[in-house]
Amino acid sequence: MFQRTAPKTVTESAPVLAAEPVLADFTSPPASDDDAPIVHLVTNIVGQGLRDRASDIHVEPLNDILRIRYRIDGNLVEAQRLPLAMHLSLVSRLKIMAGMNIVERRRPQDGQFSTVVDGREVDVRVATVATVFGEKLVMRLLDKRRSMIGLGELGMPRDTHEAFSQMIRSPFGMVICAGPTGAGKTTTLYASLLEINNSGKNVTTIEDPVEYVFPGINQVQTNEQAGLTFATGLRALLRQDPDVILVGEIRDPDTARIAVQSALTGHFVLSSLHGTDASAALHRLLDMGIEAFLIASSVMGIIGQRLLRRICDSCKTSYAPDAEELALFHRHLPDNSKELFFHGTGCDDCSQTGYRDRIGVYELLRISPRIRQLLVDHATTEQVRDAAIEEGMRPMIVEAMNLVDDDVTTVAEVIRTLYVA
């Protein structure tokens, strides 16, 4: 169990831990495993990462140092630099904890372990890959307290939340959450399950991996070594009398076809798909070989999303945006006369970044009769998108600029995260 220590703040200028840990102690055997310096180092790295709200911890061997970086609010922040001589001991300790093979250093491996930090139970996913300087290791921290986020807490505008909430209560059909890696798709899917789960429904998921465990929901984790893939698992679930099926991710044509067929045969299917926006996700299904008329008949709607960093409340101050930022803002909100803009100057609370926490930005594409006809007629992504906007869909860039107007985020963050000219 981790020791309780006073929280520290990660900054780029001040490392979290000492740059020169007690390296001499590694040469002599400790009195017990718990007393080993490497054990304390792992404890501090993982514990401090959780306290600083990190989603991932990167252990990176470089030419002459071992670099530790935390991903905080989607941005990597260097936490500390260690002597390269500590790399092997640190990686070996983490691989032992995660049940991985410490002898194998050339092939990618993955594993997991659970621990408790300051009374909070945490699942840690570990993955390694060989680089030219040695094994790089990445830990994903899954704080179980974050699993119970409701649909109303994600940051959707009221009308988008109401329309999406009504959509996921359909007895059959398919709803897709689209976005790149790290856009919060899994969080949205889990929040949707919490919204519709009740004792009168058989809710089943097939995931890789199962990130959070929910009471009352049957969750299945894929295992390719055992022959349990998304496609084979989904086929098996269809024989389990399901009402609602969550497919963690549609990655291949087999999974896509079975998911579409499930939606057409009286089941409600929730899934995620990698795509730049909602309209592009429809064409991802076409690219996988799914017939246009099947997509038009099964898919009810697609919600595209990104995560934007919020301005830190502790160092929030007004500023004058440059001409490019102003032009972009007024291009998407032409009738807006906003003159006072805010940003974060950087402080200890936000690790000198000017941002703290994130909020989702969404666009909801409803499959109307007109959109269905465009799909069957093999319309382009732009044609589908333009038709959806004419029918009332607000693009993510407009929603993001509305957040700028409300002083929640900045134009610079919108450009960094989702702007496409």
Under a 4.5 Å cut-off applied to non-hydrogen side-chain atoms, are [X] and [Y] in contact?
X    : Y    : value
F164 : Y362 : no
I415 : V411 : yes
V247 : F230 : yes
T205 : V220 : no
F172 : H267 : no
L66  : Q80  : no
D313 : R356 : no
D110 : V126 : no

Residues two or more places apart in sequence or in another chain: which of them pass side-chain hydrogen bond (donor to acceptor under 3.5 Å, both in side chains) with [X]?
X    : answer
T188 : Q305
T131 : none
E224 : none
D287 : none

Next on the checklist: Tell me whether E324 at atom CD has more than 12 heavy atoms from other residues, nucleotides or ligands lying less than 6.0 Å away.
Outcome noted: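 Open: at most 12 neighbouring heavy atoms sit under 6.0 Å from CD of E324.
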Next on the checklist: A quick test of your reading: do over 12 heavy atoms of other residues, nucleotides or ligands sit less than 6.0 Å from CZ of F341?
Outcome noted: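 Enclosed: over 12 neighbouring heavy atoms sit under 6.0 Å from CZ of F341.
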Residue pairs involving [range] (criterion salt bridge (charged side-chain N to carboxylate O under 4.0 Å, His left out); sequence neighbours excluded):
range            : value
residues 399-413 : R309-E413, K338-D407, R394-E399, E413-R416
residues 188-199 : R169-E195
residues 228-245 : none

Checklist entry - For T381 and S279, which heavy atoms make the closest approach, and how far apart are they? => result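 Heavy atoms of T381 and S279 come nearest at CG2-OG, 3.5 Å.
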Checklist entry - side chain to side chain contact (heavy atoms under 4.5 Å, CB included) with A163: which residues, sequence neighbours excluded? => result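 Side chain to side chain contact (heavy atoms under 4.5 Å, CB included) check on A163 returns L364, R366.
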Checklist entry - Which residues pass the side chain to side chain contact (heavy atoms under 4.5 Å, CB included) test with A263, sequence neighbours left out? => result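 A263 satisfies side chain to side chain contact (heavy atoms under 4.5 Å, CB included) with M174, V269, S298 once adjacent residues are dropped.
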Next on the checklist: For the residue pair T229 / T232, report whether a side-chain donor-acceptor contact shorter than 3.5 Å exists.
Outcome noted: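 Judged by distance alone, the side chains do pair up.
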Next on the checklist: Under a 3.5 Å threshold, yes or no: a donor from one side chain and an acceptor from the other, between T410 and Y355?
Outcome noted: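 Y355 and T410 do have a side-chain donor-acceptor pair below 3.5 Å.
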Listed pairs under 3.5 Å, donor-acceptor, residues 175-186 side chains, sequence neighbours left out:
residue: K185; atom: NZ; partner: G179; partner atom: O; Å: 3.2
residue: K185; atom: NZ; partner: P180; partner atom: O; Å: 2.8

For the pair [X] and [Y], find out whether any cationic side-chain nitrogen is under 4.0 Å from an anionic carboxylate oxygen.
X    : Y    : answer
R69  : E78  : no
R53  : D357 : yes
D208 : R251 : yes
D277 : R385 : yes

[X] side-chain N/O to [Y] backbone N/O, donor-acceptor pair under 3.5 Å:
X    : Y    : result
Q112 : R125 : no
S297 : L294 : no
N202 : Q240 : yes

Item to check | Partners meeting ring-ring contact (aromatic ring centres under 6.0 Å, His included) with H283 (sequence neighbours left out) | outcome: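 None.
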Item to check | Worked check of side-chain hydrogen bond (donor to acceptor under 3.5 Å, both in side chains) between S368 and E391 | outcome: CA-CA 9 Å; S368 64; E391 293 184 347; 2.7 Å; yes
Item to check | CA sep, side-chain torsions, deciding dist, call: I65, R81, side chain to side chain contact (heavy atoms under 4.5 Å, CB included) | outcome: CA-CA 6 Å; I65 61 165; R81 295 187 175 196; 3.5 Å; yes
Show me the donor-acceptor pairs, under 3.5 Å and distance only, between side chains in residues 95-109 and residues at least two apart or in other chains.
residue: K95; atom: NZ; partner: N101; partner atom: O; Å: 3.2
residue: K95; atom: NZ; partner: E104; partner atom: O; Å: 2.9
residue: K95; atom: NZ; partner: E135; partner atom: OE1; Å: 3.0
residue: K95; atom: NZ; partner: E135; partner atom: OE2; Å: 3.2
residue: N101; atom: OD1; partner: V103; partner atom: N; Å: 2.9
residue: E104; atom: OE2; partner: R106; partner atom: N; Å: 2.9
residue: E104; atom: OE2; partner: R107; partner atom: N; Å: 3.2
residue: Q109; atom: OE1; partner: N101; partner atom: N; Å: 2.9
residue: Q109; atom: NE2; partner: N101; partner atom: O; Å: 2.9
residue: Q109; atom: NE2; partner: E104; partner atom: O; Å: 2.9

Item to check | Rounded distance (nearest 0.5 Å) linking atom CD1 of I68 with atom CD1 of I57 | outcome: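 Spacing of CD1 (I68) from CD1 (I57) equals 8.5 Å.
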